[in-house]
Each structure stands twice: as structure tokens, then as C-alpha cells.
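Note sheet for the following structure.
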Amino acid sequence: MPLSQVDLRTYPLDRFRPLIEPETFERAAAELERSRDLLGGRTVWHVNSTAEGGGVAEMLRSLLAYARGAGIDARWAVIEGEPEFFRITKRLHHALHGSTGDGSPLGAQAARVYGEVLAPNIEAFLEDLRPGDAVFLHDPQTAGMAPALMAHGATVIWRCHIGTEAITPEAEGGWAFLEPHVRGAPLRIFSRREYVPAVFDDDRSVVVQPSIDAFSAKNEELSDDVTRAILAQAGLIAGPGGNAPRSFTREDGSTGSVEREADVLREGEAPAWDDPLVVQVSRWDPLKDHGGVMRGFASFVERCDADGRTHLVLAGPDVSGVTDDPEGAIVLEELQAEWAAFPPHLRSRMHLASLPMDDVAENAAMVNALQRHASVVVQKSLREGFGLTLTEAMWKSRPVVASRVGGLQDQVRHGEDGLLLDDPADLEGLGEALCHVLEDAELGARLGANARERVRADFLGIRHLAQYHELLNGLLA
Ligand code: UDP
């Protein structure tokens, strides 16, 4: 079944009023109103390759609900593909990050499979797409749809969520693959200026930074009691979890309850409620460098962990639940082997948690509780377009430690709203940064408070959505 539509909610834009300055709110609302007028009943589509798992799906789910709340007919379509297609697009994903991935050629054969999988998706989409509709195509998976949709009379914008500052043969190969598909689109959106490749270095390439949804199950406020109850139920900390409900708010406004357990690789006990936690939440992807986080944590333990109570939790999605990321299972397996090679006193402090994906809101509630409970949140990626997990943690007033790579360095100002590691390979540096934050409560509190304010000012969904519509309005007008 090629291409399916994702059911979307409708959320009132007014929810943002208490969070941002009145003028900022009014400007955003006006931009959306203008889109509604310019569209005159036509649809704004967003197309990507997964409805669940990963940052893009996360953002679309909420941004489009607010667009609908502002009276825009926003819809979300997800393409279908076979494993070979996703292998190739994962290869492309790595290439645009400047890395080799599985090293397979991105030549004519790959292009043929790519085109063959997109063709039935395009055909199915054209049944619903009307001339004059607007389409945001997300990432390499959907880029190849652009020419056919434009020929059908749609206004097409390509939104690329990944990239690298470095000009490498890998990245050039990836861009050479995509260039013919995207060349004709009137606008391409990147997450950083540095990610605009030479082939697209013109005034049709613009920058929009991502955002988080402050009101979702991932980011909603949780009391300590509820946080504790959720973490204990999930097996992420030792019980008892207390009597508080393990509750979270679903997209439709109803209340859910965390019932499932995470699948955790650990030796011995789960951390106690008052043990400090160092947390990284990520897909199981080599660029997230989970192994480096474990080694950095080991360095911290050796340096300054006087009371021996701090634990590391690496959390990611249960690998059977994420369809467009075939690599996850392999990476997790390798990581488990790496974990097993640590001496027992370190193994007993490092937990590899696969969070169930059967119910995405329940999964989000677990992530929320983990991030809120963390003493430090780490994002030690080797490359990162923009790390949503970092912004999520900052919104929760957590001190963060991140690599100075890609978008992470735009999200955090070193020493002000978090700490940056100049060299992501510097594991001693990670150990030292953890020592700083965990041993200096005042520093942790200051970084955390600034982090919250930074997200409020710069990284909430309303800013992001208004920018999309400002750009679209420019094309439609
Ligand atoms: N995430 C999640 N459950 C997990 C692991 C990750 O919901 O088990 C979410 C995470 O909270 C974040 C997104 O997936 O919202 C990952 O986005 P990010 O930009 O950090 O990385 P990406 O996966 O896009 O490379």
C-alpha cells in the first residue's frame, strides 16, 4: 500500500499565549492567517517516510495540529518503501552527514530502486493532490517526488533536516544523487546555513531551526511523584514508585497511564530514586556515539565520582518498532557487546534501555520522565543536524553536555545554557564536564534555568510554524 495519511489533531494556537511575548504571538498568528487567505481552501501537505520515531515525525505531529488550529488544511502523508529503499535512503542520510554508512554505491542501481519505490507513492499521492496545493517534502526519502508534484501544479518546498559543515566526497556523492530531484524546487529549507551544499548555494536555500512541542506527552510538566511512578513502572529506576498515577496526556487530551516496561540491559539493581542519573536519549545510531558516552562516563567515574551513586542510562526506541531505521538493531547489538566488555563495577552503573514503541505517547512519557529526572542530559553525537533531545532536556531546565557539532552548537551557548565539548572524541573531556556539572549544584541550576529560557525564546513550535508559513506565503503571493 503506497502512501498513507496520518490522522492529525487540531490544537489552538492560543496555547502559546502564556509562553511568549504578545507581539511575537500576534506576528505568528498573522502569518498563519495570511497563509489561510492565500491558500483559499487549498491544502498544505507535509510528506515524509515515517509517522513514528525520530525527530521529523515528532515535529510534524504537533506543528500540523497547530496549523489546523489556525484554520489551515494541513495534512501529513507518509510514503511506503521496501527495505532496500530504506537501506539506500539511510545510506544517503549518512552521506549527507559526511559519513560512509554501509559504503554501498550511490550510482545508477541505487537511483533505479529509489525511483521505482517513489513512483507508486507519487501515483497514489496525485489522486489527492490538487493543483495549487503546497507540499513540504521532508528529507532525502521524499526528495525524488518533487518534479512530478511540481508538474502537477503544486508549490513544492524541500525541507532537509540533515547536513554537514564539511565538504567530503561522501557528502558530495549524496548531493549529486539528490540534486536532479530537488534542483527545480522553488525553495529548500535547511537547519543551518553551513548545511547548504555548494550545489544549492543560492537565494532559494533558506534556514529554519527546528522546535519542540511544549505541550506534548514528551514535554508536558510532570510532578516529581508522577515522574517517579512512571520511571519505576518502566523499570528505569528501582521501586517502589509510590501511589501517584503514572499519567500522561494523550494527543486527544485524554489521560494515559504508563503500563509497559522498558527492556533494560543491566547488571544488578536499577538506580534508586535519589541516585543521580546521566541520561542520553537517542535512536540506536552510530552517529549518536553511545559507546563514547559509556567510555566518557567511565572516565567520570574514575575522576570524581566520590560516592559511587551516579548511573548512566542510555535510552532508545525498542528496535522492532521503528520501520525506517533498519540499522538500529545492529547498532544496539554492537553496543550490548561493548557494554559487556566493561568491568563489573562499571556495568552495574550503565543501563541500556529500549523503550517500548507500541504506544508512542507512553514512550514519550517515559522519555519525559527520564529527562526530567536526569541530573545531566548528554548528547554526545558525532554529527547532528539539530538534536531535539537536547532542546527537550533544556526545556525541562536540565543542565546539558553536548558535542560542539552541527546544530548542537546553535542550540547551546557554552557556559551559558549548557556545556559544549569541543571535540566529540574527547572522552576525558566528557568525564570532566560531567564532574563539573554534577559536583557544582549552583552551576547545574544556572545552566538549567538559562536553558529553559533559551528554549522559550527560540525553540518553541510557534516560531517554527510561523517561519514555514512566512516562506510559503512568499511563494504563494
Ligand atoms: N525519541 C523517542 N523515544 C525514544 C528515543 C528517542 O521519542 O525511545 C525521540 C526523542 O525524544 C526526540 C527524537 O526521538 O524527540 C529524536 O530526535 P533528535 O533530533 O534528537 O534525533 P534524530 O532521531 O532525529 O536523529
Side-chain angles (χ1 to χ4, degrees), residues 48-63 90 93-94 96-97 99 138-141 159-164 191-192 209-214 216-220 234 236 248 258 260-264 279-290 313-322 324-325 327-328 331-332 351-372 374 377-396 398 400 402-403 405-408 410-412 455 459 461 464:
N48 80 327
S49 65
T50 180
E52 277 159 25
V56 177
E58 187 88 8
M59 283 187 285
L60 288 180
R61 195 172 294 282
S62 90
L63 290 186
K90 195 70 205 280
H93 172 99
H94 284 307
L96 300 193
H97 278 297
S99 61
H138 292 261
D139 281 333
Q141 291 93 330
R159 189 350 165 186
C160 183
H161 296 269
I162 48 187
T164 173
S191 293
R192 311 189 73 202
Q209 290 187 313
S211 61
I212 59 163
D213 180 358
S216 66
K218 175 76 55 72
N219 297 311
E220 67 179 333
L236 294 165
F248 58 89
V258 169
R260 292 183 178 80
E261 286 176 36
D263 181 5
V264 188
V279 171
Q280 177 168 298
V281 177
S282 297
R283 286 177 302 105
W284 307 108
D285 181 307
L287 295 178
K288 308 292 183 183
D289 195 22
H290 299 92
V313 177
L314 295 176
D318 175 24
V319 287
S320 54
V322 185
D324 76 337
D325 190 5
E327 207 177 25
V331 173
L332 180 57
H351 311 257
L352 302 186
S354 292
L355 309 182
M357 292 291 289
D358 314 67
D359 175 344
V360 277
E362 182 190 51
N363 173 283
M366 290 181 192
V367 171
N368 190 4
L370 253 185
Q371 290 169 330
R372 284 186 188 280
V377 171
V378 174
Q379 193 61 50
K380 211 200 80 57
S381 306
L382 302 176
R383 300 198 180 75
E384 192 70 73
F386 187 97
L388 281 178
T389 52
L390 194 65
T391 299
E392 289 159 7
M394 291 169 73
W395 179 241
K396 293 154 199 170
R398 297 299 82 205
V400 296
S403 319
V405 298
L408 300 180
D410 302 333
Q411 296 171 255
V412 171
V455 177
F459 295 119
H464 191 179

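Numbering of ligands and ligand atoms starts at 1, following listing order. Computation of the quantities below employed the complete heavy-atom set of this structure, encompassing side-chain atoms and omitting hydrogens, waters and symmetry-equivalent molecules.
Proximity of Ala364 to ligand 1 is not established, as no heavy-atom distance is less than 4.0 Å. Residue contacts with ligand 1 do not include Ala315, since none of its heavy atoms lies under 4.0 Å from the ligand. Residue contacts with ligand 1: His161 is excluded, as none of its non-hydrogen atoms falls under 4.0 Å. In this structure, Gln379 does not count as a contact residue of ligand 1, since none of its heavy atoms falls inside 4.0 Å of the ligand.
Contact atoms of ligand 1 toward Thr389: 10 (C), 11 (O), 12 (C), 20 (O) (distance under 4.0 Å to a heavy atom of the residue). Shown in contact with Phe386 at under 4.0 Å from a heavy atom are these atoms of ligand 1, numbered in order with element: 19 (O). Atoms of ligand 1 lying under 4.0 Å from at least one heavy atom of Gly387, given by number and element, are 19 (O), 20 (O). Those atoms of ligand 1 that come under 4.0 Å of a heavy atom in Glu384, given as number and element, are 21 (O), 25 (O). Per-residue contacts place Gly316 under 4.0 angstrom from the following atoms of ligand 1 (heavy atoms of the residue considered): 8 (O).
Atom CG of residue Leu96 and atom OG1 of residue Thr164 lie 9.5 Å apart, to the nearest 0.5 angstrom. Asp213 CG to Leu63 CG: the interatomic distance, rounded to the nearest 0.5 Å, is 8.0 Å. To the nearest 0.5 Å, atom NZ of residue Lys396 and atom OG1 of residue Thr391 are 10.5 Å apart. Taking CD1 of Ile162 as the reference point, atom CZ of Arg383 lies at 12.0 Å (rounded to 0.5 Å). Taken to the nearest 0.5 Å, the NE2 atom of His161 stands 11.5 Å off from the CZ atom of Phe386.
Ranking protein heavy atoms by distance to atom 6 (C) of ligand 1, first place goes to Val281 CG1, 3.7 Å. Nearest protein heavy-atom contact of atom 18 (P) of ligand 1 is Leu388 N, 3.5 Å. For atom 16 (C) of ligand 1, the closest non-hydrogen atom of the protein is Gly55 N, 3.8 Å. Of the protein's non-hydrogen atoms, the one nearest atom 15 (O) of ligand 1 is Glu392 OE2, 2.4 Å. With hydrogens left out, the protein atom closest to atom 1 (N) of ligand 1 is Lys218 NZ, 4.2 Å, a heavy atom. In this structure, atom 21 (O) of ligand 1 lies nearest to the protein heavy atom Lys288 NZ, 3.1 Å. Counting protein heavy atoms only, atom 2 (C) of ligand 1 is closest to Asn363 OD1, 3.5 Å.
Among the candidates His351, Lys288, Gln280, the single residue satisfying the side-chain contact (heavy atoms from CB on, under 4.5 Å) test with Leu314 is Gln280.
At a threshold of 4.0 Å, the pair Lys90-Asp285 counts as salt-bridged, since one of the basic side-chain nitrogens sits closer than that to a carboxylate oxygen.
Between the side chains of Ser191 and Arg159, at least one donor N or O sits under 3.5 Å from an acceptor N or O. Side-chain atoms of Glu327 and His94 include a donor-acceptor pair closer than 3.5 Å.
Of all heavy-atom pairs between Ala374 and Val279, the closest is CB-CG2, 3.6 Å. The two atoms that bring Phe248 and Glu220 nearest to each other are CA-OE2, 3.3 Å, heavy atoms only.
If you check each of Arg283, Gln280, Arg383 against atom 25 (O) of ligand 1, the one with the closest non-hydrogen atom is Arg283.
Where the criterion is an N or O separation shorter than 3.5 Å, residue side chain and backbone included, Val56 fails it with respect to ligand 1.
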